[in-house]
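Quick note: residue numbers are just sequence positions, from 1.
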Amino acid sequence: MPPQQAGIFREQAATLDEVLATGGCRDRDLSGFDFEQVEDDQELEFENCELRATRIKGDVLIASKWTSCAFLDCEFAGASLREAEFRNCSFFAASSQTGAEFRLCDMSFATFAGCNLSLAVISGCDGYNVTFKDCKLLGARIERMDFSRKLGRKTLNTAAFTACTLENASLADLDLTSADFNESDLTGADL
């Protein structure tokens with residue numbers, strides 16, 4: 001194995017050991033980290049971490065907590081983010097002018113507070129009772145997202161966008177009948 005690859009492997013192994021031992025980590029570069037390696041049921045917490053060009057999938061992030069983390073050019077693919085909390089996180093890469101992609105994820109009961117989701121693509125996700133508070137969603141594209149949950153014969157539909165900036169965001173063809181946009185800026189948004 002070339003020395004550079006061996007160094008990356010050792011760094012990934014050390015990160016995995018830290019995540020397992022402490023239930024998360026802080027001030028780490030998690031770029032390329034394979035979260036599916038974490039086979040533990042504990043709720044993980046991350047603070048001041050950066051992920052660049054990373055594909056995140058699997059169930060390990062259920063009920064995880066993220067504070068002041070940056071997800072630059074990242075893709076969430078089939079990830080379960082159910083009950084996850086993201087506080088003051090950025091999902092927007094200014095250098096490449098791209099947002100994170102969320103595809104076929106479970107975002108039910110997830111909370112995004114004070115986050116920058118500008119130009120994010122949220123496609124085909126389950127989002128019952130998802131909450132966005134004080135978030136920037138400039139030019140975000142939310143498509144084929146299901147904010148509903150069936151309980152017997154009843155269908156409940158809820159999502160909250162509180163004090164968010166949704167300028168030029170695309171939310172067309174979504175069932176927003178029970179969505180709350182309290183104090184949000186919808187200038188130029190496609191509803």
Residues at least two apart in sequence or cross-chain that pass salt bridge (Lys or Arg N to Asp or Glu O under 4.0 Å) with Asp73, listed by chain then number, are none

When every non-hydrogen atom of Cys105 is compared with those of Gly78, the smallest separation belongs to SG-N, 4.0 Å

d(Leu51 CG, Phe33 CZ) to nearest 0.5 Å is 9.5 Å

Taken to the nearest 0.5 Å, the spacing of Leu166 CG from Asn168 CG works out to 10.5 Å

Taken to the nearest 0.5 Å, the spacing of Cys25 SG from Glu47 CD works out to 10.5 Å

Correct closest heavy-atom pair for Ala53 and Cys74 would be N-SG, 4.1 Å

Nearest heavy-atom approach of Phe147 to Gly127 is CD2-O, 3.3 Å

Table please: side-chain donor-acceptor pairs of residues 111-123 below 3.5 Å, with sequence neighbours left out.
from, atom 1, to, atom 2, distance (Å)
Asn116, OD1, Ser118, N, 3.0
Asn116, OD1, Ser118, OG, 2.7
Ser123, OG, Glu143, OE2, 3.2
Ser123, OG, Arg144, NH2, 2.8

Connected to Leu72, directly or through other members, by ILVMFWY side-chain contacts below 4.5 Å are none

- Sub-3.5 Å donor-acceptor pair from the side chain of Asp126 to the main-chain atoms of Tyr128, do we have one? no

Distance col, row Asp29:CG vs Cys49:SG, nearest 0.5 angstrom, shows 9.0 Å

If hydrophobic clusters are built from ILVMFWY residues whose side chains come within less than 4.5 Å, do Ile56 and Phe92 share one?
no

Quick check: do Glu83 and Glu43 have side-chain heavy atoms less than 4.5 Å from each other? no

For residues 180-191, run the donor-acceptor check on the side chains, cut-off 3.5 Å, and write out each pair with its distance to 0.1 Å, sequence neighbours left out.
from, atom 1, to, atom 2, distance (Å)
Asp180, OD1, Asn182, N, 2.9
Ser184, OG, Phe161, O, 2.8
Ser184, OG, Ala163, N, 3.4
Ser184, OG, Cys164, N, 3.0
Asp185, OD1, Thr187, N, 2.9
Asp185, OD1, Thr187, OG1, 2.5

Residue set satisfying salt bridge (Lys or Arg N to Asp or Glu O under 4.0 Å) with Glu167, at least two apart, ordered chain then number -> none

Can I get a per-line list of side-chain donor-acceptor pairs under 3.5 Å for residues 58-66, giving both atom names and the distance, sequence neighbours left out?
from, atom 1, to, atom 2, distance (Å)
Ser64, OG, Leu61, O, 2.7
Ser64, OG, Trp66, NE1, 2.9

Rounded to the nearest 0.5 Å, the CE atom of Met107 sits from the OG atom of Ser80 at a distance of 11.0 Å

To the nearest 0.5 Å, atom OG1 of Thr131 lies from atom CD of Glu85 at 10.0 Å

| said: Is there a path of hydrophobic side-chain contacts, each under 4.5 Å between heavy atoms, that joins Leu138 and Leu174? | reply: no

Report the relative orientation of the aromatic rings in Phe91 and Phe71; use parallel for angles under 30°, tilted for 30 to 60°, perpendicular for over 60°.
parallel

Residues Thr22 and Gly24: closest non-hydrogen pair is OG1-O, 2.6 Å

